[in-house]
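Some notes on the structure that comes next.
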Amino acid sequence: SDLARSTRVDLGGRPIIRNMGAITNALVMIEQSKTELFIRAAQEILRSIPNSKVVILLNYHKKTGAANQIMAALAEYNPVLVVGGVPQKKRAELVTRFNTDDRTRVFVGSVKIASESISLDDKQGGRQRQMLISPSYSMITATQATGRVDRTGTLSDSQATFIYGKQEEDEYRILGAMARKATVTR
């Protein structure tokens, strides 16, 4: 496979990355394969926890079309979509709508965009937040993103869950290799 040809290991057994494009393509395919899992998990939460709101964060929404699939499947919950192409003013409006409109129970966005300068926590009370997040090789960004639903002054419980697919071991290996590569190149 492209992925197998893209990595080799050094004497310590650590992967050596030769083709970042093939690795990114593998991560795109893994995230695409999890789309139905995101949908099922969100539906279960929304049905079983009255008044709850769900935040779904993806890394490769443009390449996979997953955000659009999730938006369509969860349309009855009036989802909002906040990704890179959404202008700043519109982003703020969508975040406010998610936080204040009880009919808007789903927020779909990119991990990168949602990891900075927005609050998605419950400021009204009784509207528990559940985050479903696709893991990223940047643990700093992922950790910042999870903090969007659990902030000072939050009035209800929140939970962040990283969603891994059936290829969990491959995903760990790929993300680990990319994290090491990112650390080396700084």
Task: Leu57 vs Val108 side-chain heavy atoms within contact, under 4.5 Å - done: no
Open item on the list: Return the CD to CD1 distance between Gln88 and Ile113, rounded to the nearest 0.5 Å.
Closed with: 8.0 Å
Task: Over all atoms of both residues, closest heavy-atom pair of Ala42 and Ile56 - done: CB-CD1, 4.0 Å
TODO: Calculate, to the nearest 0.5 Å, the distance between atoms CD1 and CD belonging to Ile49 and Glu44 respectively.
DONE: 8.5 Å
Task: Side chain Arg148, main chain Ile118, donor-acceptor under 3.5 Å - done: yes
TODO: Enter the distance from Phe107:CZ to Met131:CE here, rounded to the nearest 0.5 Å.
DONE: 8.0 Å
Open item on the list: Checking the side chain of Asp150 only, and the main-chain atoms of Ser158 only, is there a donor and an acceptor separated by less than 3.5 Å?
Closed with: no
- [ ] Apply side chain to side chain contact (heavy atoms under 4.5 Å, CB included) to Thr141 and Val111, showing your working.
- [x] CA-CA 7 Å; Thr141 302; Val111 173; 3.9 Å; yes
TODO: Could you tell me which non-hydrogen atom of Thr100 sits nearest to which non-hydrogen atom of Gln124, and how far apart they are?
DONE: O-NE2, 3.7 Å
Task: Residue pair Lys53 / Val106, side-chain heavy-atom distance below 4.5 Å - done: no
- [ ] Using a 4.5 Å cut-off on heavy atoms from C-beta on, say whether the side chain of Arg40 contacts that of Glu36.
- [x] yes
- [ ] Look up atom OG1 in Thr146 and atom CG in Leu120, then write down how far apart they are to the nearest 0.5 Å.
- [x] 11.5 Å
- [ ] Start with the C-alpha distance between Gln32 and Gln69, add both sets of side-chain angles, then the distance that settles side chain to side chain contact (heavy atoms under 4.5 Å, CB included), and finish with yes or no.
- [x] CA-CA 10 Å; Gln32 176 62 45; Gln69 287 177 266; 3.0 Å; yes
TODO: Could you check Val149, Asp122, Asn51, Asp121 and say which one makes a side-chain contact (heavy atoms from CB on, under 4.5 Å) with Ser156?
DONE: Asp122
Open item on the list: Measuring from atom CD of Gln43 to atom OH of Tyr77, what distance do you get when rounded to the nearest 0.5 angstrom?
Closed with: 6.5 Å
Open item on the list: Between Ile30 and Tyr164, is there a side-chain heavy-atom distance shorter than 4.5 Å?
Closed with: no
Open item on the list: What I'd like to find out is whether the side chain of Leu132 reaches to under 4.5 Å of the side chain of Val54, using heavy atoms alone.
Closed with: yes
Task: Reported OG1-to-CD1 distance for the pair Thr35 and Ile163, which is rounded to 0.5 angstrom - done: 11.5 Å
Open item on the list: Testing the basics here: between Asn59 and Pro135, what is the closest heavy-atom pair and its distance to 0.1 Å?
Closed with: ND2-O, 2.9 Å
- [ ] Taking all heavy atoms of Asp157 and all of Gln128, pick out the closest pair and write down the distance.
- [x] O-CG, 3.0 Å
Task: Heavy-atom pair of closest approach, residues Ala142 and Ile133 - done: O-CD1, 4.1 Å
Open item on the list: Donor-acceptor check, side chain of Arg105 to backbone of Ser52, threshold 3.5 angstrom: yes or no?
Closed with: yes
- [ ] State, yes or no, whether a side-chain contact exists between Val86 and Leu94 at a heavy-atom distance under 4.5 Å.
- [x] yes
- [ ] Return yes when atom NZ of Lys90 has more than 12 non-hydrogen atoms of other residues, nucleotides or ligands closer than 6.0 Å, and no otherwise.
- [x] no
Task: Arg127: which of Asn99, Leu155, Asp102 passes side-chain contact (heavy atoms from CB on, under 4.5 Å) - done: Asp102
TODO: Determine yes or no for a side-chain-to-main-chain donor-acceptor pair under 3.5 angstrom, with Lys34 supplying the side chain and Ser134 the backbone.
DONE: no
